[in-house]
Amino acid sequence: MHRRFSIPLFGKSVATAPDRPAVERPGRELALEPILERLSKVGHMILNDAPAREIFDEMVHALAEDTGMKLVVLRIAKPGGDVFEVKAAAGLGDMMRGPLHSFSVGRTRLLDLLRSGEPFGGGFIVGNETAQGTAESPVPRCIEWPDKKALIAGIEEDGVLVGFFTIAFFDATPGARVAPLLNIFKDRVLLALHHDRSREQLRDKERELAVCKEELDSVNQLKSNFLSVVSHELRTPLTSVKAYTETLLDNVDSIKRETLHDFLRVMDEETERIIKLVDNILNFSRMETGHLKVERTSCNLNRIIEEVHASLRAKFLAASIDTELRLPRHPCRLEADQELVTQLFQNLMSNAVKFTPPGGKVTITLEEEASAARIVVQDTGKGIPEDQLEKIFERFYQVDGSNTREHGGSGLGLAICKNIVDWHDGKIWVENVKDSGAKFVVLLPMKDIVVRQAVSAGFIGSRRFERERYLTLLVEMLSEFLQARKASIMFLERDQQILRIVAAKGLDPEFVQNTRLEIGDRIAGKVAQTGEPLHVFDIESDIEYGRANNTLFYGTRSFISAPLRDGDEIVGVLNVSDHVEGREFTRADRELLESLGIIIIGMLKKLDAYEKVSMNFEKLKEAMRASLDMREAWGGRSLLNLTLIALTVGKKLSLDERSLTALRLGMNLYDLGLMRIPRHIRVKKEELTAKEREVLREHPNIGFMLTSPMGLEDRITKMIRSHHEHYDGSGYPDGLAGVEIPVEARIVSVVDAFRALMSEGPYRRIYSLAEARAEIERGAGTRFDPIVVRAFGDALDILGAREDKHELVLEAFEKELERERNERKKKLETTKKETVKEEVR
Amino acid sequence: MKKGKVLVVDDEVNITQILEFSIGAEGFEVITAQNGEEAIEKARREQPDLIILDIMMPKIDGYEACRILKANPLTKNIPVVLLTAKGRDIDRRLGMEVGATDYIVKPFSPNRLVERIHQLLSCHKK
């Protein structure tokens, strides 16, 4: 069995180190003057901003030449990794430089060694007697010194090992002064590193500034373009108005009725043009400065598009452009600002008219997607140069800004579109359609997230903004994961013992602002009081909770409220209702909601602790989507069954509550990485090729990477990473063995194998329950932890696992559900009787 | 008998229409063009006495059109009045450089433009 380093062996060697006379025997004393001189030179170099490389070189040479240390190597850790690079070496012939490769060593482990041993000046001595001839060398190869003893002297900064010296004395023994001397050198190394880093930062800043300046310049350029363009665009209609007015005034008595009418029409049209332009500019500046008030109401997109289309009919006709509307049969509704959305479509359609030649066609398509409305405006113009596809949404930008441009416009139309779309958290882009014009695509999310910042939290500036973004995302996550049209996160305001909604989707903003629930009040209040989730399958038959119903859940038949816990303390409540498919929420949904609570608390705590939450929104969204896909692939029911089995195994093994929680959440996430594996490999029925297997084996690590930014507990992410490790060390990705594999991962490994056996797999049939169970038992001790396998067997018995039409049924769980259902029914009947009694009276 | 022939060039039909009306009312013959290319061609063919030329137009812009007109012996003596929304000094100077006789910034007063036309044509004829 292969292991990289093993602590016990090394511990032994360190433990024996003090016994070695070499360390204790005073060695040759040092001559101080040359060393001091060299040190002062090093100091000057640092002050004079010499490159770190040169400074390090000077230092190792000083040590090698003036102290009797014959070989000196300085290694510094690469940023963000465990790789230590050789930065400088002295006293080595060229022949010996070869093996001086950079190497990866567990930073923490090395630090532990340095600390635990500490036989000599913050370092430890290694010699050939420790390492010689053993395959299981405890010491990283490069630290080993062929035939000689060497001193490893670690350089620490705030408890982090940033590098170390390797020093060989040959036959001499380090003297008493070596340790303090080395400390001075270590400080110098740190100082030089600091300098280097500051220089690097300075360079970064300079680069940033240069980029800033460039941006500013281009903004300025755009601005002056804008001024000239706008002045032209404004002057043109003004010119007409002025010229026509003056001419009319001069000829008021003589002018023919017909001409008069004609003139007035021109003046009217041109005035309209000015008004539109001014509106655009004002709107735009309001949007840019954030002064725009967005009033969201329920908008019927079908109708808006039809209206805008009708209003532009004259324009289309005049330009002899054919139009086609492709609208869904059912009106597509979403919460949006009616006026802004109208303007958005107006701009897009007028734009299409402008850039489509006579005889062309403009097609407007509206489609309803799962969580967004997609509007496509496609023209048959000449398209947009590829390199300008993104730029055209910049303000003041015009593809053709020359004197000879054929198309008027302020260069604001699309920038305004972009702003409007941004205000609605949507997306807009343009594509060229091969051989036929441009296609503008708008995605408007059908969501309406309200974030109400918790009053008690004294966040400032950007952090507050950041928190809001998180809350927005979290509530979206709730809604996406649970397919709920309405979702909300409530926090308990500790001093007042009141629940308030901090973020919500699908709820009236006013309601979100004003809702305050006392503990024990209504559903959420009850959840906060008892700490137990409330799950209502069908509110109409659920009189108890039905009575407590309020507008928060109005219109829904099924909902779940679950407590948000920080440790043992209840800090808030999560609510979801209105399943998109109109179905009731299942037990699996409830489990999922509780799991999400853990993620949410983890992320918010990190954020509140002013820790940098390295969460990438896009990545999280991606992870969310992937998780959804995964749930879909398995079906909610079997996933729930598997989670139940895993939890029962966990309980059987007396895992603590935190492990069980991790297990529950992990069961929802462990195969997340699979979604990044190409589908043809995932679902391949034949045997995988070596290459494909290699790709597939990446998935635990991908899952690990996807979940690491979420602020989850380590044990959850580790469980995801290690669920394909084998008990005997033959698994992947890290080749861990035995108890090195986290217990949660050992459990998931069994449950996942069980799932795989009972579903269709590569080149084999579906196993029956008994066969799958037998197969798992056969793997005990090799692939699986025998103890976990035993607990797994017990769990199947406890849960009353049986097979029904190739589906796994857990008898115990079914019974529990039945009981719940009966209880609800009974309650309902009792209440009805009481009502009848009251009525009789 | 017409007082003279004026070519009005602008891509905005509203502008050519009103100029046609007001300049025409003064007894001039007015012909129009929608862009620089058409302007050059009509100037050659129709030999107008004066050209009113917009700058921002499709195909060939006013500056370029003016330069071409001034380079052609057939048209180089026809006075050109640039009539444009480009009101900055640099634009005006550029206009003078390409050989324009006058530079009028939009929005303009048709009356004053007509006055200017009278002036230019009478002194030109002398």
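Note that this is a predicted model, so its numbers are computed, not measured. Throughout, protein chains are lettered first and strands after them, A, B, ... in sequence-line order, and every chain is numbered starting at 1.
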Heavy-atom side-chain contact between A/T239 and B/E12 under 4.5 Å: no

From CG (A/D250) to OG (B/S109), nearest 0.5 Å: 8.0 Å

Counterpart residues, side chain to side chain donor-acceptor pair (under 3.5 Å), relative to A/D379 (two or more places apart): none

For A/N432, side chain to side chain donor-acceptor pair (under 3.5 Å) partners two or more places apart: A/E386

Within 6.0 angstrom of A/R265 CZ, more than 12 heavy atoms from elsewhere: yes

Greater than 12 external heavy atoms within 6.0 Å of A/K276's NZ: no

Part of B/E64 within contact of chain A (heavy atom distance under 4.5 Å): neither

Rounded distance (nearest 0.5 Å) linking atom CG of B/N14 with atom CZ of A/R273: 7.5 Å

Chain B interface, residue from A/L234, A/V266, A/T236, A/L238 that has the most non-hydrogen pairs under 4.5 Å: A/V266

Proximity of residues 253-264 of chain A to chain B, residues having a non-hydrogen atom under 4.5 angstrom: A/I255, A/T259, A/D262, A/F263

Stepwise side chain to side chain contact (heavy atoms under 4.5 Å, CB included) check, B/I18 with A/S240: CA-CA 8 Å; B/I18 195 67; A/S240 290; over 6 Å; no

Side-chain donor or acceptor of A/R235 paired with backbone N/O of B/K106 under 3.5 Å: yes

Stepwise side chain to side chain contact (heavy atoms under 4.5 Å, CB included) check, B/F108 with A/E246: CA-CA 10 Å; B/F108 64 96; A/E246 196 183 292; over 6 Å; no

Over 12 foreign heavy atoms within 6.0 Å of CG, A/L209: yes

Partner residues of B/E115 under the side chain to side chain donor-acceptor pair (under 3.5 Å) criterion, sequence neighbours left out: none

